[in-house]
Protein chains: 2
Amino acid sequence: MGTKERRLREVEVREQLFLDATRELIRQEGLLNLQMARIAEKCDYAVGTLYQHFGSKEDLLVALAADNLQHRVDLFRRVGEWRATTRDRMIGIAVADLMFVRLYPEHFRLAQLAFTEVVWDAASPERRRMALDALEPMVLVCHQIIEEAERCGDLQLKGMTPQQLGLGPAAMTLGTHTMVHVKGVVDLGEMGDLYLLMMKHLHCLLNGFGWLPLFEPSDDAALKQMITRICSEVFNDIVCR
Amino acid sequence: MGTKERRLREVEVREQLFLDATRELIRQEGLLNLQMARIAEKCDYAVGTLYQHFGSKEDLLVALAADNLQHRVDLFRRVGEWRATTRDRMIGIAVADLMFVRLYPEHFRLAQLAFTEVVWDAASPERRRMALDALEPMVLVCHQIIEEAERCGDLQLKGMTPQQLGLGPAAMTLGTHTMVHVKGVVDLGEMGDLYLLMMKHLHCLLNGFGWLPLFEPSDDAALKQMITRICSEVFNDIVCR
DNA sequence: GCAAATTTTGAATCAAATTCAAAATTTGAT
DNA sequence: ATCAAATTTTGAATTTGATTCAAAATTTGC
């Protein structure tokens with residue numbers, strides 16, 4: 001009987017409806033003013049129905065963060081499949097994030113909250129698992145690039161596992177995203193484009209790893225050109241800087 | 001008249017009492033279960049009095065994060081005054097953070113929440129200013145090290161300002177702290193000590209900057225020895241790893 | 001010693017998440 | 001097509017916990 005399956009699909013559709021509505025409400029009124037009742041109302045359902053999908057507000061927030069991550073994964077995958085040097089692809093991962101930030105400008109603010117003890121621990125274990133699973137393929141893409149880099153001699157792991165080496169760039173990008181999204185921590189006036197700066201630091205880090213071919217980070221023009229090239233080769237269907 | 005001043009001091013003492021009680025409650029029962037009424041009760045004051053100091057719960061959280069930062073600053077300053085090479089001192093900043101994490105194991109979890117839009121924007125502007133001001137001296141210490149490194153030829157800025165260069169290590173440490181403190185994001189079993197790994201990545205980054213003297217990051221023993229040395233020379237009065 | 005000003009108090013209020021019994025709908029057998 | 005059982009939806013009622021504010025207590029200035 002297909003009845004059960006149809007129902008299952010309907011539930012899934014509605015769940016997505018709730019998530020999209022939540023995303024829109026956050027964009028319109030900010031995380032601060034997000035209310036469960038408003039979400040239900042916006043979708044013409046009763047609050048009780050919303051709670052059938054998400055055990056709590058925290059659960060919903062984690063679910064939304066995980067949902068956003070699906071899209072981030074898509075961008076990472078493109079980079080993974082891109083025919084380019086391993087170093088270009090590693091940098092490409094960071095460029096994918098720049099794209100992701102434009103497509104989901106609220107994601108990192110949401111994620112910062114969702115991974116906070118207060119929210120994370122209040123979400124259901126299943127939801128947490130889903131979020132961690134959503135992270136998994138991104139990690140995988142990075143490791144594959146790192147492994148290939150080692151195989152072809154672009155990179156020496158020097159006793160680190162690919163996982164361990166990957167954590168450096170990951171920490172740097174995560175840290176940057178955090179700083180960018182907290183209002184007031186960095187004086188943007190005198191810092192310029194933080195994300196451009198991040199790309200530069202990432203190059204320095206990769207140089208420090210000895211990841212070939214080395215790149216001269218002081219050459220701003222070359223750096224910008226590289227970003228533009230990656231955008232046009234990998235993300236040319238997405239609006240670009 | 002000293003009456004006014006005495007009163008002012010009393011208020012300050014009480015504010016600290018509230019902050020310390022909050023810190024303890026968080027350690028005991030977790031951020032999740034923090035309640036304003038409990039804090040007041042623990043200090044034998046009415047909730048109204050607590051609200052005289054902190055306009056809202058969010059205000060209190062930001063205040064506590066800022067208060068913690070004072071202690072982080074103290075550790076940073078020691079490093080700033082340490083007689084050692086500029087590179088050792090830069091690494092020393094990260095070691096200071098390791099110390100800080102032991103002294104205030106809840107800080108980064110709290111900070112992640114406090115700098116979240118939901119909390120940050122709900123705190124009073126004065127409180128936000130205080131928190132940003134608390135950050136300032138830390139930034140300053142780092143810049144001084146970077147500037148001295150350039151002056152004495154240990155480091156080439158290559159077109160970056162000291163502020164801009166400092167953001168790289170800052171992003172990397174912030175990102176690491178975040179990953180360490182969210183349960184489940186990194187499989188600690190196969191990653192080993194994340195903070196030791198961070199030190200290694202930091203060395204790679206500094207190598208990538210060309211910060212002299214270069215350090216071979218694959219030499220685990222030397223890395224650990226370096227950390228131990230910094231602990232004993234700079235933090236020998238604090239319990240050490 | 002007393003009235004005005006200030007501070008403290010905590011019961012009352014309020015906001016918003018969450019629940020759950022009743023109503024509506026769907027299912028499956030006849 | 002009809003009906004009873006099972007499932008789903010509903011939203012008013014409950015709960016939780018932050019916040020307020022009028023009354024009580026205390027301090028100040030004369």
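Lettering follows sequence order; numbering is per chain, from 1. What you see is a predicted model; the values in this text were computed from it and never measured.
- R14(A) forms a cation-pi arrangement with Y45(A), by the criterion of a distance under 6.0 Å to the ring centre and an angle within 45° of the ring axis.
- Comparing dA18(D), dA16(C), dT18(C) by their closest approach to the side chain of Y51(B) singles out dA18(D).
- One atom, CZ of F54(B), and another, C1' of dT19(D), lie 16 Å apart when rounded to the nearest Å.
- When heavy atoms are screened at a 4.0 angstrom cut-off, R38(B) is found touching no nucleic acid atom at all.
- Looking at heavy-atom distances under 4.0 Å, I39(A) makes no contact with the nucleic acid at all.
- Residue R7(A) has no polar side-chain atom (N or O) positioned under 4.0 Å from OP1 or OP2 of dT7(D).
- Minimum atom distance to the side chain of V47(A) is reached by dA12(D), of the listed dA12(D), dT8(C), dA18(D).
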**Request:** Decide yes or no on side chain to side chain contact (heavy atoms under 4.5 Å, CB included) for D59(B) and S56(B), but give the supporting numbers first.
**Result:** CA-CA 5 Å; D59(B) 211 45; S56(B) 64; 3.6 Å; yes

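- In this entry the distance linking CG of L32(A) with P of dA16(C) reads 10 Å, nearest Å.
- If you measure from atom CE of M36(A) to atom P of dT14(D), you get 21 Å, rounded to the nearest angstrom.
- Remark: side-chain polar atoms of Q112(B) are paired, donor with acceptor, to backbone N or O of Q112(A) under 3.5 angstrom.
- Side-chain proximity of T49(B) to the nucleotides dA18(D), dA12(D), dT9(C) is greatest for dT9(C).
- Rounded to whole Å, atom C1' of dT19(D) lies 13 Å from atom CG of D59(B).
- In the set dT8(C), dT19(D), dT9(D), dT19(D) carries the atom at the smallest distance from any side-chain atom of K57(B).
- Taking the ring centroids of F76(A) and H71(A), they lie at or beyond the 6.0 Å cut-off.
- With a 3.5 Å ceiling on both atom-pair distances, the Watson-Crick or G-U wobble partner of dT30(C) is dA1(D).
- Residue contacts for E58(A): at a heavy-atom cut-off of 4.0 Å it reaches the sugar-phosphate backbone alone, with no base atom in range.
- We find that OH of Y45(A) is positioned 13 Å from P of dT25(C), with the value rounded to whole Å.
- Side chain of W120(A) to backbone of K183(B): a donor-acceptor contact under 3.5 angstrom is found.
- Between H53(A) atom NE2 and dT18(C) atom C1' there is a gap of 16 Å when expressed in whole angstrom units.
- Among the protein residues, E10(A) comes within range of no part of the nucleic acid, since none of its heavy atoms lies under 4.0 Å from any strand.
- Summarising the geometry, the separation between CD on E15(B) and P on dT8(C) is reported as 12 Å, rounded to the nearest angstrom.
- For Q52(B), a side-chain nitrogen or oxygen approaches OP1 or OP2 of dT8(C) to under 4.0 Å.
- Look at CG on L50(A): it is 17 Å from P on dA12(D), rounded to the nearest Å.
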